[in-house]
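Encoded as structure tokens, the structure appears first; notes follow it.
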Amino acid sequence: MAANNGSADTFETFQRSLQQVEGATMVTENDSLAHVMMQMIEENRRRYKMPANLIIQITTLQNQSRSKETALLTKNIGTYDVKMRRKATIACATLNQWALDFEGNRDRILESILEAKELGAKFRTGPELEICGHSCEDHFYESDTFLHSWEVLLDLLISPICTDMLIDVGMPVMHKNVAYNCRVVFLNQNIILIRPKLCVCDEGNNRESRWFSEWKKRRQTEDYYLPGIVSAVSGQTIVPIGDAVISTKDTCIGFEICEELWNPQSSHIAMCANGVEIICNGSGSYTELRKTPIIDNLIRSTTFKCGGCYVFSNLRGCDGQRIYFNGASSISLNGDIINRTKQFSIQEVEVIASTIDLDDICTYRNKLRLLSNFAAASPNYPRISIEFYVTTAYETGLAVSVPITVKYLTPEEEIEQGPACWLWDYLRRSEHGGFFLPLSGGADSSATALIVYSMCNMVIVAIQKGDTKVLSDVRKIVGDDEYVPLQTTELCNRLFVTCYLSTENSSEETKNRAFALATQIGSYHMAVSIDNAVSTVLEIFRKVTGVCPKFISRGGCSRQNLSLQNIQARLRMVFSYLFAELILWVRCRPGRLLVVGSLNVDEALSGYMTKYDCSSADINPIGGISKTDLKSFLKHFKNKFNIEIIGDILNAQPTAELDPLVDGKIQQTDEEDMGMSYSELSVFGKLRKENSCGPYSMYCKLIQTWANQCSPKEVAEKVKHFFRCYAINRHNMVVLTPSYHTARYNPDDNRFDHRPFLYRSNWCWQFKAIDKQVELQSGQ
Ligand SMILES: Nc1ncnc2c1ncn2[C@@H]1O[C@H](COP(=O)(O)OP(=O)(O)OC[C@H]2O[C@@H]([n+]3cccc(C(=O)O)c3)[C@H](O)[C@@H]2O)[C@@H](O)[C@H]1O
Ligand SMILES: Nc1ncnc2c1ncn2[C@@H]1O[C@H](COP(=O)(O)OP(=O)(O)OP(=O)(O)O)[C@@H](O)[C@H]1O
Ligand SMILES: NC(=O)CC[C@H](N)C(=O)O
């Protein structure tokens, strides 16, 4: 029987809710308190068309104890606010997608949706272009890429995993023959909105405007005609495409796509001023040293200035390019970061969810008088309204997420982890059996070896944490279905072959250092003499020409000297490829190894390298890192992993060891050969690329920076020498081994640093400008 004005089912639900409230006592149908409560429930239900269970649940909040009956009754009006609080759980996915891997991408998206549900979220957002992958590049010209993206979306629409959740995915969409980079928002098989990117990114490694146009019609939508395969399922023919926001029954959600956050006129400002409470940013932001705190600060300042919740969902992984997406997705509320995924991880799918009290946004914004006044005058946003609640009915027990303190990785830690993750993705995706590295015992190849070791360490940690995907990948790589790696050094031995390739000019010191490092990290190490090969090549030359080149120290000229150096260096490359191809065959394992190169930024810039020697490999994890940053990394690694030999490696003078030794001692040093120090090279490299300095402006900057150590004339000579070497050797950049993009000083000609490779190397006009300045300075 119903109690008074309440229906029987309302009363029962009320009873059940009370049972869940700690300290609450049971009530009978004729109980006076119950009577009042039932009246309230019914009234609220009528007035606000709210589901009964939601009202009951919130109402019982006030009913902690029957002994407080009077207090409760007098607080009836007050209960009103409590009932209206809106707590929403929002999920943000970080996914390791791969360009054109539609199947894998779909599965990872589904997994993330499942995880989001398990975390109690009613809304899930994901990274930019997650369906097709970010680095499809000129595949965005192909209609197949659009077709297959719709096919994946269809799979998502019909998947039972996706029901009763508002979902937002990233994919390319062609509208009126124009390609847009979009978010597609759907709910229960219906597409709610297609939101195209408003400003595309052409900075750094990004070339988005090559494939996508910006949606220029601000605050406008048009009809998008759905492909037949999607219409058949959703029953919709047209859906809105454009710059709009979504109104649910309880909040308003808006979208930005990656670069829009960086836009000085970000649309989140107008959206926030229009009452949009949750803004999702699906991102494809690649990593660079020291970049992550910059992104977090942008996000934090967004919600600090405008209030609201900003959900930044980034990609992770090497999706087929030199860049690495590092994850570090975050959820920010009213100026604080409240949740965040890891920066660098080999976990393919990582979902975070936060519960936020949306009323905290109203309160925060209401206090921002500047925003409120701006908002009062701001024009309206087109709203797509849906019959859906993002807030949850059973919210009383939901704890809201609180601000967290983010601990940022140091640049050294970024070098330890970023390239290691990139190598891991490259290895498993290219289906190789491991890596081969010519290990000289010098700083560069040793740093490279340590990055491979770091990769093995991350794999071990992930497996110990129960990551079955990582375990199955390792098993595939080593060709053993039963294999369970237990220790980093043991895994390193399976995945990593190092080789010291000596000539008569190699010293015992470097040989011993290479051996010691290999032993300490556990790599499968070999020491091979290539002297016979060098003499055989020279003998062929002698037979053909009748002469044989000599080192300067043995009476030859510099040309002969150089050729003798280059033979050794280039033969090392030949042997590296031979061993990489066959060493797994020798070890009775299937497959072959990837050759890893270890040329650094400064050598690339100055041209202190032999074209097609060990600088030519399959991939290079340190090709975008300067010697200065590499040395700090080595120091950090020594302390963190306790690898003693790194100390000796750091103390050694960098040397190519291509000139003859005298009494077993190294005569040649890199810095003497190059005529500049590595620290000077780091300065030149940064000014050239990051500050876009030509010779003249570099000189002008350095006469100030180096005022205490060099005269203007000396500065001029150093700058001129650098630019001469750079101009003569720029051709090397064209054939640079693909390397992990690390920093903004990267000289990679193929993607990041577009320059000619045939220069007038005397820079006569530019150098005259410098000379004039030197004269002026000297006359002062
Ligand atoms: N503008 C241009 N466009 C296209 N190609 C151009 C070119 N200018 C020269 N070339 C060609 O490029 C090639 C350059 O000669 P290449 O054989 O590379 O060698 P090269 O540049 O003559 O000398 C290599 C230098 O690197 C040093 N090195 C070598 C190996 C290892 C290390 C170490 O640090 O461990 C140092 C070595 O001591 C020497 O000083 C030649 O074939 C030349 O004709
Ligand atoms: N004896 C060697 N055995 C194996 N590889 C070598 C040997 N000498 C040179 N290499 C390869 O050639 C690359 C270029 O040599 P380079 O001297 O520039 O680097 P490094 O020896 O590692 O470091 P550093 O410049 O500090 O001496 C090395 O990184 C290494 O891969
Ligand atoms: N994909 C993008 O739009 C990149 C945006 C931004 N400039 C970044 O580097 O993170």
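Sequence positions, counted from 1, serve as the residue numbers for this chain.
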- Does some side-chain heavy atom of Leu661 sit less than 4.5 Å from a side-chain heavy atom of Gln667? no

- Task: Identify which one of Ser529, Ser440, Ser507 satisfies the side-chain contact (heavy atoms from CB on, under 4.5 Å) criterion when paired with Ser502.
- Result: Ser529

- Query: Taking 4.0 angstrom as the limit, do Arg755 and Asp753 come out as a salt bridge?
  - Reply: yes

- Do Arg210 and Asp138 meet the salt-bridge criterion of a basic N to acidic O distance under 4.0 Å? yes

- To the nearest 0.5 angstrom, please state how far the NZ atom of Lys511 sits from the CD atom of Glu508. 5.5 Å

- Task: Specify whether Trp763 and Phe723 have parallel, tilted or perpendicular ring planes, treating 30° as the upper limit for parallel and 60° as the lower limit for perpendicular.
- Result: perpendicular

- Query: Can Arg542 and Glu539 be said to form a salt bridge (charged side-chain N to carboxylate O under 4.0 Å, His left out), step by step?
  - Reply: CA-CA 5 Å; Arg542 195 193 58 76; Glu539 183 54 20; 2.7 Å; yes

- Message: Could you measure the distance from the SG atom of Cys421 to the CE atom of Met458? Nearest 0.5 Å is fine.
- Response: 3.5 Å

- Task: Please answer whether the main-chain N or O of Cys318 pairs with a side-chain N or O of Arg429 as donor and acceptor at a distance below 3.5 Å.
- Result: yes

- Gap between atom CG of Asn561 and atom OG of Ser553 - 0.5 Å precision: 7.0 Å

- Okay, side chain of Arg513, backbone of Gly441: is any donor-acceptor separation there less than 3.5 Å? yes

- For the pair Glu288 and Arg744, evaluate salt bridge (charged side-chain N to carboxylate O under 4.0 Å, His left out) and give the outcome as yes or no after the intermediate values. CA-CA 7 Å; Glu288 262 175 2; Arg744 266 169 286 162; 3.5 Å; yes

- Message: For Ile770, is there any backbone N or O sitting under 3.5 Å from a side-chain donor or acceptor partner on Gln773?
- Response: no

- Item | Donor-acceptor under 3.5 Å (Glu208 side chain, Cys201 main chain) | yes

- Should Glu490 and Arg494 be marked as a salt bridge (charged side-chain N to carboxylate O under 4.0 Å, His left out) after you check the CA-CA gap, both sets of side-chain angles, and the distance that decides it? CA-CA 7 Å; Glu490 181 268 332; Arg494 296 238 192 171; 3.6 Å; yes

- Indicate the ring-plane relationship of Tyr759 and Tyr726, choosing parallel, tilted or perpendicular according to the 30° and 60° boundaries. tilted

- Identify the residue among Ile415, Ile619, Thr287 that makes a side-chain contact (heavy atoms from CB on, under 4.5 Å) with Tyr740. Thr287

- Decide if atom NZ of Lys701 counts as having more than 12 heavy atoms of other residues, nucleotides or ligands within a radius under 6.0 Å. no

- Query: Could you give all pairs that pass the ring pair (Phe, Tyr, Trp, His ring centres under 6.0 Å) test and reach residues 689-708, with sequence neighbours left out?
  - Reply: Phe684-Trp706

- Lys720 bridged to Asp771 by N-O distance under 4.0 Å: yes

- Query: Can Glu416 and Lys640 be counted as an ion pair, charged N to O under 4.0 angstrom?
  - Reply: yes

- Query: Would you say Pro660 and Arg554 make side-chain contact, with heavy atoms under 4.5 Å?
  - Reply: yes

- Query: Does any non-hydrogen side-chain atom of Gln777 lie less than 4.5 Å from one of Val774?
  - Reply: no

- Item | 4.5 Å side-chain heavy-atom contact, Tyr500 and Met526 | no

- Task: State whether the number of non-hydrogen atoms from other residues, nucleotides or ligands found under 6.0 Å of Arg428 atom CZ is greater than 12.
- Result: yes

- Quick check: does any side chain N or O of Asn762 sit under 3.5 Å from a backbone N or O of Cys764, one acting as donor and the other as acceptor? yes

- Phe641: ring pair (Phe, Tyr, Trp, His ring centres under 6.0 Å) partners, not counting sequence neighbours: Tyr453, Phe637

- Is the side chain of Ser576 donor-acceptor paired with the backbone N or O of Pro438 at a distance under 3.5 Å, no angle test? no

- Just wondering, do Leu584 and Pro590 contact through their side chains at under 4.5 Å, heavy atoms? no

- Between the CD atom in Glu671 and the CD atom in Gln668, the distance rounded to the nearest 0.5 Å is 13.0 Å

- Within 45° cone of Tyr524 ring axis and under 6.0 Å: Arg587 NZ or CZ: yes

- Message: Are His741 and Tyr324, when compared by the centres of their aromatic rings, separated by less than 6.0 Å?
- Response: no

- Message: Treating Gln417 as the side-chain partner and Glu414 as the backbone partner, does any N or O pair qualify as donor plus acceptor under 3.5 Å?
- Response: no

- Task: Answer yes or no: is there a donor N or O on one side and an acceptor on the other, between the side chain of Asn505 and the main chain of Leu658, under 3.5 Å?
- Result: yes

- Please examine the side chains of Thr510 and Glu657, heavy atoms only from C-beta on, and report whether any two atoms are closer than 4.5 Å. yes

- Between Phe496 and Phe435, what is the ring plane arrangement, given parallel below 30°, perpendicular above 60°, and tilted in between? perpendicular

- Has Gln704 got more than 12 heavy atoms of other residues, nucleotides or ligands less than 6.0 Å from its CD? no

- Item | Arg730 with Asp749: basic N within carboxylate O range, under 4.0 Å | yes

- Task: Scan for salt bridge (Lys or Arg N to Asp or Glu O under 4.0 Å) pairs involving residues 440-456, sequence neighbours excluded, and state none if there are none.
- Result: Asp444-Lys627

- Note on the structure: All heavy atoms of Arg322 vs all of Ser739, minimum pair found to be CB-O, 3.2 Å

- Message: As an exercise, state the distance from CG of Leu491 to CG of Asn457, rounded to the nearest 0.5 Å.
- Response: 9.5 Å

- Message: Please check: side-chain N/O of Lys291 versus main-chain N/O of Tyr286, any donor-acceptor pairing under 3.5 Å?
- Response: yes

- Heavy-atom side-chain proximity of Ser523 to Val497 below 4.5 angstrom: no

- To the nearest 0.5 Å, what is the distance between CD (Gln653) and CD (Glu672)? 8.5 Å

- Can a cation-pi geometry be assigned to Lys689 and Phe752, taking NZ or CZ under 6.0 Å from the six-membered ring centre and within 45° of the ring axis? yes

- Message: Regarding Tyr612 and Asn732, do their side chains bring together a donor and an acceptor under 3.5 Å, going by distance alone?
- Response: no

- Looking just at side-chain N and O atoms, do Ser135 and Asp319 make a donor-acceptor pair shorter than 3.5 Å? yes

- Message: Using a 3.5 Å distance criterion without hydrogens, assess whether the side chain of Asn493 forms a donor-acceptor pair with backbone atoms of Gly522.
- Response: yes

- Query: Do the side chains of Thr292 and Leu409 get nearer than 4.5 Å, heavy atoms only?
  - Reply: no

